[in-house]
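Remember, it's a predicted structure, so these values are computed and weren't measured experimentally. Proteins come first, then strands; the chains are lettered A, B, ... in the order of their sequence lines, and each starts at number 1.
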Amino acid sequence: MPELPEVETIARDLNQFLRGKVVQNVNVLHTKPLSNCNESEFIQFCQQEKFKNITRAGKYLFFEFESEKKMILHLRMTGKFQFFSPYDPEVNFEKHQRLLFLLKNQEALAFHDVRIFGTVSIYYPHTNILEYKKIGPEPFSSELNPAILKEQAKNRKVPIKNLLLDQKFIAGIGNIYACEILHAIGIHPAKPSSSLNLEEWQKVLTKTREILKEAIRARGTTINDYRGLAEKKGSYQKHLKVYNQENQSCPTCKTTKIIRIKQAQRSTFFCPACQPE
DNA sequence: CTTAACGCCTGAAGGC
DNA sequence: TGCCTTCAGGCGTTAA
């Protein structure tokens, strides 16, 4: 499940492979990912476009072409990219490839997505990009500070864990890092968001940045599905203290076992000793 | 405005 | 072995 560190890693790698390359043709192997156009529009949109830059915003990937057209893609749960050089359909075809971008010199980029939750949308220059409006501030943005977070949360009764998952509150945090952040600062995941004081918001912000930065250094977390380009795994799973660690001893207090609860239909892992109510 | 529940999807894993 | 159920979860939609 790609979150900010995983998407950042993919964006950096894609840039290296794709910058300056031209899309000669596209095979739409499944139309479900196309969110704001049909198959023929999508093919038309991409043909002869040269990749200029690939960036990340929240958990979205922004593909910018030289023409200033943009393609915005979300990997959701199981989306990943495969770069083939050269691409041989006999060898490289896989069942769950959904979009295939054919490049020069027999190279190709495949968007692979088992569960087909991933989405792509296309934008012509100078048009209003809806995706921007849906996501909140980047965790590393200098506009963020503890006072703003506290203010934004003052009427929010939802558990802090759920608020950290809200992409409009802070962009890019998913289930894994939300659990890790709360453990690192010793806050119970069910604590009502509006009850955190300024000092606690300071800790949230500092640890969020620290953990995400460290996870980017490790090229993300690979538990089940996540793979970067070239099927490369991340290594941050070695640093996880609570996520997926049910019944293990907490690495911080070394005495209490990590427990698992459900919040808003999602698993939350935490240490009841280090994160008291 | 906020919150909660559901649906989308497939493959892995567990129960019997 | 095989069938059935449950689970994984990001996010859009819907309803309250």
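- For the helix from B/dT2-C/dA16 to B/dC16-C/dG2, the rotation axes defined at the first and last 5 base pairs enclose an angle of 50°, given to the nearest 10°.
- Side chain to side chain, A/Tyr236 and A/Glu6 fail the donor-acceptor criterion of an N or O pair below 3.5 Å.
- Along DNA chain B, read 5' to 3', the first and last nucleotides having any atom under 4.0 Å from a heavy atom of chain A are B/dT2 to B/dG11.
- The number of heavy-atom neighbours closer than 6.0 Å to CZ of A/Arg217, taken from other residues, nucleotides and ligands shown, is 12 or below.
- Donor-acceptor pairing under 3.5 Å is recorded for the side chains of A/Ser85 and A/Glu107.
- When the side-chain nitrogen and oxygen atoms of A/Gln167 are compared with OP1 and OP2 of C/dC11, one or more of them lie within a distance under 4.0 Å.
- One can place OH of A/Tyr177 at 15 Å from C1' of C/dG10, the figure rounded to the nearest angstrom.
- Between the side chains of A/Glu210 and A/Thr206, not a single donor N or O lies within less than 3.5 Å of an accepting N or O.
- Nearer to the 5' terminus of DNA chain B, by closest-nucleotide assignment, is the contact made by A/Arg76 (compared with the other of A/Lys95 and A/Arg76).
- Side chain of A/Arg98 to backbone of A/Asp113: a donor-acceptor contact under 3.5 angstrom is found.
- When the nearest nucleotides of DNA chain C are assigned to A/Arg115 and A/Arg266 by heavy-atom distance, the more 5′-ward of the two goes with A/Arg115.
- C/dG10 atom P lies 17 Å from atom CZ of A/Phe169, rounded to whole Å.
- For A/Glu94, the CD atom counts as densely surrounded, since its 6.0 Å shell holds more than 12 non-hydrogen atoms of other residues, nucleotides or ligands.
- Look at CG on A/Leu73: it is 17 Å from P on C/dG10, rounded to the nearest Å.
- Rounding to whole angstrom units, NE2 of residue A/His74 and P of C/dG10 are separated by 9 Å.
- Applying the 4.0 Å criterion to OP1 and OP2 of C/dG12, one finds that A/Lys134 has a side-chain N or O inside that range.
- Across the protein-nucleic acid pair, A/Gln263 atom CD and C/dC7 atom P stand 16 Å apart, rounded to whole Å.
- Rounded to an integer number of Å, the gap from A/Lys168 NZ to C/dC11 P is 10 Å.
- Between the CD atom of A/Glu131 and the P atom of C/dC11 there is a distance of 11 Å, given to the nearest Å.
- A distance of 8.5 Å separates CG in A/Asn25 from CD in A/Gln48, rounded to the nearest 0.5 Å.
- Summarising the geometry, the separation between CD1 on A/Ile135 and C1' on C/dC11 is reported as 13 Å, rounded to the nearest angstrom.
- For NZ of A/Lys21, the number of neighbouring non-hydrogen atoms (other residues, nucleotides, ligands) closer than 6.0 Å is greater than 12.
- The residue A/Ser267 sits close only to the backbone: its heavy atoms come under 4.0 Å of sugar-phosphate atoms, none of a base.
- Each of A/Arg156, A/Lys154, A/Lys191, A/Lys150 was checked for a side-chain contact (heavy atoms from CB on, under 4.5 Å) with A/Leu196, and the lone residue meeting it is A/Lys191.
- A/Gln265 comes within 4.0 angstrom of a nucleotide base, judged by non-hydrogen atoms across all strands.
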